[in-house]
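First the proteins, then the strands, lettered A, B, ... as listed; each starts at 1. These numbers come from a predicted model, not from an experiment.
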Protein chains: 2
Amino acid sequence: MRDSEVEIVRSLPLFSSMAEENLGSMLAGSFLQRFPATVVLFAESDLTDFLHVLVEGQVELYASVNNREGTMTLIKPVATFVLASALVDGAYQMSARTLETSQILMIPAENVRKAMRDDSEFAQKAVMELAACYHGVVRAYKNIKLRTAVERLANYLLVQHRRQSGEGEITLPVEKRTLASMLGMTPENLSRAFSTLKPYGVTVDGADIRLEKLNDLETLAKPSEFIDAR
Amino acid sequence: MRDSEVEIVRSLPLFSSMAEENLGSMLAGSFLQRFPATVVLFAESDLTDFLHVLVEGQVELYASVNNREGTMTLIKPVATFVLASALVDGAYQMSARTLETSQILMIPAENVRKAMRDDSEFAQKAVMELAACYHGVVRAYKNIKLRTAVERLANYLLVQHRRQSGEGEITLPVEKRTLASMLGMTPENLSRAFSTLKPYGVTVDGADIRLEKLNDLETLAKPSEFIDAR
DNA sequence: CCGATCATTTGATAAATGTCAAGCACCATC
DNA sequence: GATGGTGCTTGACATTTATCAAATGATCGG
């Protein structure tokens, strides 16, 4: 592993306060790998070999039951994923695939578990990271359980608007079918949800969305601090 | 706090390997409190004052949006709840209320965070517990996102059957309206879901359910190791 | 530029789920 | 045993969401 790669790892809160020597031994046996788009990285039933760090590209965590499939979450660089699975030494519980060409740093799960035992600073950070992940899924669970499809879309648009701060303009960061799956609906239904939002000032041009009546949209969406990400 | 109460705490995996002195100082300022049924313990927006240990009774964690309300999970003794919130020092993120008369041990969240810093054994256990909670919500999320109401009920019945091992007979551990909320549907819809399952050998007599065609029910339910609790 | 492929949209329809209202059953209390 | 409350069920209906099919639009390699 190159120094620049170690720097990337070090920049993540999870690893920031780890003792130099522990970081080094954890990264021994780690490697950076390049994947093309649409590649399945692992299935939910696979045993967790690696903690993953997405360095570049985009990854989708998803789950399947029968023939149905649903997006659990999308990972953007730079971020770790499947930390919980790596720590407990069991199955991944979710499947993963690349959405774009991606670079992923693979850290042997065994090393991560050893680091947790040896480095108490790291254990602390792991606790905080896991707690944040937990609340993240709780939010997603509330979202799908307590809101209609149109409300989920409206709130998604508002969150994106806040993040992109584009003054009434946002660009969807993923294909619409992926967005549909993330929001728990079919692509057809997403398309109709956009139509439903037209009276609330939402106009669609491909991946470019204009929000011209933010107040009206908020009235419909009724965003909640305890569901919608900051 | 009495010795018997300390014993209860000690019996939980989370606290089992904690140093005696750290356990003692964590429990300083803790107290056992008795609540009647239907009492709200905290709201999702409240700051997390306490890690809770349900010693007796039953507690519902729920969330509300607008006027809608949904059960997140049910807690049975002996178990801790809101560990993640206690560790991060923020809002509870979920509301809680007693379903029955309950005894709850309240441990100041500050003490828990201190214990995590001071006792590395405890930090390890907290990591494992949080990872388990995380996967628990992930399961719930998959369940609601990828299954229909009838499938969720069918799988719930099969899980209960496994747990109660009643040879084709189970007793619902909660009121049907609570079950409905937990399974993400209205009471009316739950009632109809039971009717739908009649051809699959499910007969209902109040809280007593008979499952007479387990194979047929499994064929419908298509249980999954990665959704349904053991 | 052409053709092929894929994503998206639209329409028609079906299935799933929620809402409202009424009735029933059970239980507690008087 | 009457009374009232509560939870559950059922029916009628509305809404939401999914499915299937087809049309449209975008993209990419040749």
Side-chain angles (χ1 to χ4, degrees), chain A residues 36-38 58 60 64-71 97 99-101 143-156 171-199 202-209 220-221, chain B residues 36-38 58 60 64-71 97 99-101 143-156 171-199 202-209 220-221:
Chain A
T38 333
Q58 191 167 17
E60 177 189 14
S64 356
V65 154
N66 308 339
N67 337 6
R68 280 163 263 172
E69 201 179 274
T71 303
R97 69 184 147 223
L99 292 179
E100 318 164 356
T101 303
N143 194 36
I144 194 117
K145 199 162 177 177
L146 298 173
R147 283 178 172 156
T148 66
V150 171
E151 289 172 333
R152 295 197 295 276
L153 174 59
N155 280 292
Y156 174 83
T171 302
L172 298 179
V174 289
E175 286 188 356
K176 289 207 183 91
R177 58 173 184 156
T178 306
L179 177 59
S181 176
M182 195 170 61
L183 295 177
M185 59 183 112
T186 57
E188 293 97 323
N189 205 7
L190 174 63
S191 199
R192 289 179 180 117
F194 271 120
S195 305
T196 306
L197 291 182
K198 201 173 263 178
V202 178
T203 49
V204 181
D205 175 23
D208 298 322
I209 317 284
L220 171 80
Chain B
T38 334
Q58 192 167 17
E60 176 189 14
S64 357
V65 155
N66 307 339
N67 337 7
R68 279 163 263 172
E69 200 179 274
T71 303
R97 69 184 148 222
L99 292 179
E100 317 165 358
T101 302
N143 194 36
I144 195 116
K145 198 159 177 179
L146 298 173
R147 282 176 173 158
T148 66
V150 171
E151 288 172 334
R152 294 197 295 275
L153 174 58
N155 280 291
Y156 174 84
T171 302
L172 298 180
V174 289
E175 286 187 354
K176 288 206 183 93
R177 58 175 183 153
T178 307
L179 177 58
S181 177
M182 194 171 59
L183 295 177
M185 60 183 111
T186 58
E188 294 96 322
N189 204 7
L190 174 62
S191 202
R192 289 178 181 118
F194 271 119
S195 305
T196 307
L197 291 182
K198 202 173 258 176
V202 178
T203 50
V204 180
D205 175 22
D208 297 322
I209 316 284
L220 172 81

Between [atom2] on [N] and [atom1] on [X], what's the gap in Å once rounded to a whole number?
{"X": "B/F194", "N": "D/dG7", "atom1": "CZ", "atom2": "P", "value": "17 Å"}
{"X": "B/D208", "N": "C/dC26", "atom1": "CG", "atom2": "C1'", "value": "14 Å"}
{"X": "A/L179", "N": "C/dT8", "atom1": "CG", "atom2": "P", "value": "9 Å"}
{"X": "A/R68", "N": "C/dA16", "atom1": "CZ", "atom2": "P", "value": "10 Å"}
{"X": "A/E151", "N": "C/dT17", "atom1": "CD", "atom2": "C1'", "value": "15 Å"}
{"X": "A/L153", "N": "D/dT16", "atom1": "CG", "atom2": "C1'", "value": "15 Å"}
{"X": "B/L183", "N": "C/dA16", "atom1": "CG", "atom2": "P", "value": "17 Å"}
{"X": "B/L220", "N": "C/dA16", "atom1": "CG", "atom2": "P", "value": "11 Å"}

Atom [atom1] in [X], atom [atom2] in [Y]: separation rounded to 0.5 Å?
{"X": "A/S181", "Y": "A/E175", "atom1": "OG", "atom2": "CD", "answer": "12.0 Å"}
{"X": "B/I144", "Y": "A/N143", "atom1": "CD1", "atom2": "CG", "answer": "11.5 Å"}
{"X": "B/L190", "Y": "B/T178", "atom1": "CG", "atom2": "OG1", "answer": "10.5 Å"}

- Item | D/dA18 OP1/OP2 closer than 4.0 Å to side-chain N/O of A/T186 | yes
- Task: Answer yes or no: is there a side-chain heavy-atom contact under 4.5 Å between A/R147 and A/L183?
- Result: no
Among [options], the nucleotide that comes nearest once only the side chain of [X] is considered:
{"X": "B/K176", "options": "C/dT8, C/dA12, D/dT9", "answer": "D/dT9"}
{"X": "A/R177", "options": "C/dT10, C/dA7, D/dC8", "answer": "C/dA7"}
{"X": "A/E188", "options": "D/dA21, C/dG18, C/dA12", "answer": "D/dA21"}
{"X": "A/N189", "options": "D/dC8, D/dT17, C/dA7", "answer": "D/dT17"}

- Item | Closest-nucleotide 5' rank along DNA chain D - winner of A/A149 and B/L190 |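 Nearer the 5' end of the strand: B/L190.
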- Message: Need to verify one output field. Residue with the more 5' nearest nucleotide on DNA chain D, A/D205 or A/R152?
- Response: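 The residue mapped nearer the 5' terminus is A/R152.
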- Task: Ignoring hydrogens and angles, answer whether the base of D/dT16 and the side-chain atoms of A/R147 contain a donor-acceptor pair closer than 3.5 Å.
- Result: no
- Item | Distance-only donor-acceptor test (3.5 Å): side chain A/R192, base C/dG11 |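 Check passes, donor-acceptor contact within cut-off.
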